[in-house]
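A quick write-up on the structure given underneath.
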Amino acid sequence: MRIGILTGGGDCPGLNAVIRAVVRKATASGDEVVGFRDGWRGLLQDDAVPLDLAAVRGLLPRGGTVLGTSRTNPFALEGGPERVLGCLAAHGIDALVPVGGEDTLGVAARLTSSGVRVVGVPKTIDNDLDGTDYTFGFDTAVGVAMEAIDRLHTTSDSHHRTLVVEVMGRHAGWIALHAGMAGGANVVLVPERPFDVDAVVAHCLHRFESGYSPIVVVSEGARPADGELVTSTGQTDAFGHVRLGGIGAALAAVLEERTGRESRAVVLGHVQRGGTPSAFDRVLATRFGLAAVDAVHAGLSGVMVALRGTDVVPVPIAEATARLKLVPLERYAEAEVFFG
């Protein structure tokens, strides 16, 4: 068989581990693997590269993706789907393994209706795909954010100032929740729960009164109960998502005015995506890659490999991308115990 693979959307620790696993498993089974560069753009522009064992040696600890990525939506371009189908046919691709989040896999789900055999692999540092318990990249992102919070505690206390740490999370606050709890943040703000500015101010004042300085962790998509999302540019990507950013700086300014103490904002941004993946993400990504090839050999299509408990199983892509997995209010309540 000839198996195609692409990586779409934002880069993510563990992508190279998936590519490596797919190539190793497929090659052992006598299959050929073709990589398409820069996500769906590679299929639109017929930008492909053969992948063999030599091409994937040394990839396991490397961050990012050697195939490159982009936020390209073929269905937003005139004739885009037809160009994708033509490229797959020209390369004799029997099955396609797209690795991505809700947008990349959403395109894959639509292509299945055109007869393309698709086995998706879930990828997002936001951990917001509903069809799987965890996505690879999330554990690494949380670890990076947690280490930053650990370091910020000392400089915050030294200068007696509030530090607001803005992390990624457009609609889901999983990174903020886990990193905030692990790092001992005094307030955690997530998109699922609009926040009360007065309550945040009160938590910060209480922390100062205890002799320490507050750390506030906020998702980029969090918003005050009486306000709107803070955006840095208002620009949108190919899938219509507004580029967020700025809530950290806006909140820091309010806290400085209301507490009378200096406040600073720290935006972790793409640092959360970069660098070597954690052990958990390397193993999960590898298992996903192996399971994807198994699903191809089993004749499955329109499915995504997913972690359910400790097992990796196929689930319908349409089901997995139908809605986002958001932070339940009961999980947020666990973090609230440590506020202030």
May I ask you to decide if V190's main-chain N or O and S219's side chain share a donor-acceptor pair within less than 3.5 Å? no
When you look at CD of E330, are more than 12 heavy atoms from neighbouring residues, nucleotides or ligands closer to it than 6.0 Å? yes
If hydrophobic clusters are built by linking Ile, Leu, Val, Met, Phe, Trp and Tyr wherever their side-chain heavy atoms come under 4.5 Å apart, do Y212 and V216 end up in the same one? no
Thinking salt bridges, do R264 and E262 make one under a 4.0 Å N-O criterion? yes
For residues F195 and F338: do they belong to one hydrophobic cluster (side chain heavy atoms under 4.5 Å, members Ile, Leu, Val, Met, Phe, Trp, Tyr)? no
Between L51 and the options I5, V34, T27, the side chain to side chain contact (heavy atoms under 4.5 Å, CB included) test singles out I5
Do you reckon L326 sits in the same ILVMFWY cluster as Y134, going by side-chain contacts under 4.5 Å, direct or chained? no
Would you mind telling me which of V266, I175, V167 makes a side chain to side chain contact (heavy atoms under 4.5 Å, CB included) with V217? V167
Is the shortest side-chain N to carboxylate O distance from R323 to D130 below 4.0 Å? yes
Check whether any side-chain N or O of E32 sits under 3.5 Å from a backbone N or O of R2 as a donor-acceptor pair, and report yes or no. no
Would you say the side-chain atoms of D139 and H178 include a donor-acceptor pair closer than 3.5 Å? no
Starting at CH2 of W174, measure out to CD of E192 and round the result to the nearest 0.5 Å. 8.0 Å
Flag the pair E336 and R193 as a salt bridge only when some basic side-chain nitrogen lies within less than 4.0 angstrom of an acidic carboxylate oxygen. yes
Could you check whether any side-chain heavy atom of M304 comes within less than 4.5 Å of a side-chain heavy atom of T132, counting everything from C-beta outward? yes
Interatomic spacing from CZ in R83 to CG in L88 - rounded to 0.5 Å: 13.0 Å
Would you indicate whether F75, at its atom CZ, is surrounded by more than 12 heavy atoms from other residues, nucleotides or ligands within a distance under 6.0 Å? yes
Any donor-acceptor pair under 3.5 Å from H91 side chain to G4 backbone: no
Side-chain heavy atoms of F36 within contact of D47, under 4.5 Å: no
Are V305 and V313 packed together at the side-chain level, in the sense that at least one heavy-atom pair is separated by less than 4.5 angstrom? no
Would you confirm whether Q45, through its side chain, and G42, through its main-chain N or O, come within 3.5 Å as a donor-acceptor pair? no
Atom pair CZ (F280) and CZ (F138), whose distance is rounded to the nearest 0.5 Å: 9.5 Å
Test item: E166 side-chain N/O and V267 main-chain N/O as donor-acceptor pair under 3.5 Å: no
Worked check of side-chain contact (heavy atoms from CB on, under 4.5 Å) between R308 and V315: CA-CA 10 Å; R308 296 287 180 86; V315 299; 3.4 Å; yes
Are L268 and M168 close enough that some pair of their side-chain heavy atoms sits under 4.5 Å apart? no
Inter-residue atom distance T321.OG1 - D103.CG, 0.5 Å rounding: 10.0 Å
Would a single hydrophobic cluster contain both L205 and F339, if residues Ile, Leu, Val, Met, Phe, Trp and Tyr are joined by side-chain heavy-atom contacts under 4.5 Å? yes
Looking at side-chain heavy atoms only, is the closest gap between V97 and I3 below 4.5 Å? yes
Name of the residue among T286, T276, T140 meeting side chain to side chain donor-acceptor pair (under 3.5 Å) with D281: T140
Any chance you could lay out the side-chain contact (heavy atoms from CB on, under 4.5 Å) test for L307 and D311, step after step, and finish with the verdict? CA-CA 6 Å; L307 183 68; D311 297 324; over 6 Å; no
Rounded to the nearest 0.5 Å, the CG atom of L152 sits from the CZ atom of R161 at a distance of 10.5 Å
Looking only at heavy atoms, which two atoms of W40 and A108 are closest? And how far apart? CZ2-N, 3.8 Å
Could you see if L324 belongs to whatever hydrophobic cluster contains L105? Use Ile, Leu, Val, Met, Phe, Trp, Tyr and a side-chain cutoff under 4.5 Å. no
Keeping E220 on the side-chain end and G169 on the backbone end, is there a donor-acceptor pair under 3.5 Å? yes
Is there side-chain contact between I215 and S156, with heavy atoms separated by less than 4.5 Å? yes
Looking only at heavy atoms, which two atoms of A95 and V296 are closest? And how far apart? CB-CG1, 3.7 Å
Residue among T104, L15, T135 satisfying side chain to side chain contact (heavy atoms under 4.5 Å, CB included) with K123: L15
Could you tell me whether a side-chain N or O of Y332 sits under 3.5 Å from a main-chain N or O of V188, the two making a donor and an acceptor? yes
Exercise: identify the closest heavy-atom pair between L67 and G35: CD2-CA, 3.9 Å
Mind listing the closest non-hydrogen atom pair of G63 and P277 along with its distance? N-CD, 4.2 Å
Do D11 and T69 pass the side-chain hydrogen bond (donor to acceptor under 3.5 Å, both in side chains) test, and can you show the C-alpha distance, the side-chain angles, and the key distance before you say yes or no? CA-CA 7 Å; D11 64 297; T69 187; over 6 Å; no
Donor-acceptor pair, distance only, cut-off 3.5 Å: does the side chain of S29 make one with the backbone of D31? no
Answer yes or no: is there an ion pair linking K325 with D133, defined by an N-O contact shorter than 4.0 Å? no
Closer than 3.5 angstrom, by distance alone: can the side chain of D126 be matched with the main-chain N or O of D128 as a donor-acceptor pair? no
Do N186 and H206 pass the side-chain hydrogen bond (donor to acceptor under 3.5 Å, both in side chains) test, and can you show the C-alpha distance, the side-chain angles, and the key distance before you say yes or no? CA-CA 10 Å; N186 308 108; H206 180 267; over 6 Å; no
Side-chain heavy-atom pair R151, T155 within 4.5 angstrom cut-off: no
Backbone N or O of N16 within a donor-acceptor pair of the T65 side chain at under 3.5 Å? no
Name the one of L43, L6, L44, V107 that satisfies side chain to side chain contact (heavy atoms under 4.5 Å, CB included) with T72? L44
Quick check for you: to the nearest 0.5 Å, what is the distance between R62 atom CZ and I19 atom CD1? 9.5 Å
Measuring only between side-chain heavy atoms, which start at C-beta, is R117 closer than 4.5 Å to M1? yes
Measure across G120 and I317 and return the closest heavy-atom pair with its distance rounded to 0.1 Å. N-CD1, 4.1 Å
Assess whether side-chain contact (heavy atoms from CB on, under 4.5 Å) is satisfied between F136 and V283, documenting all intermediate values. CA-CA 9 Å; F136 67 86; V283 172; over 6 Å; no
Heavy-atom count around R24 CZ within 6.0 Å, excluding the residue itself: above 12? no
Ion pair check, D294 and K25, cut-off under 4.0 Å: yes
For a quick test of reading the model, state the closest non-hydrogen atom pair linking G14 to A285 and the distance between them. O-CB, 3.3 Å
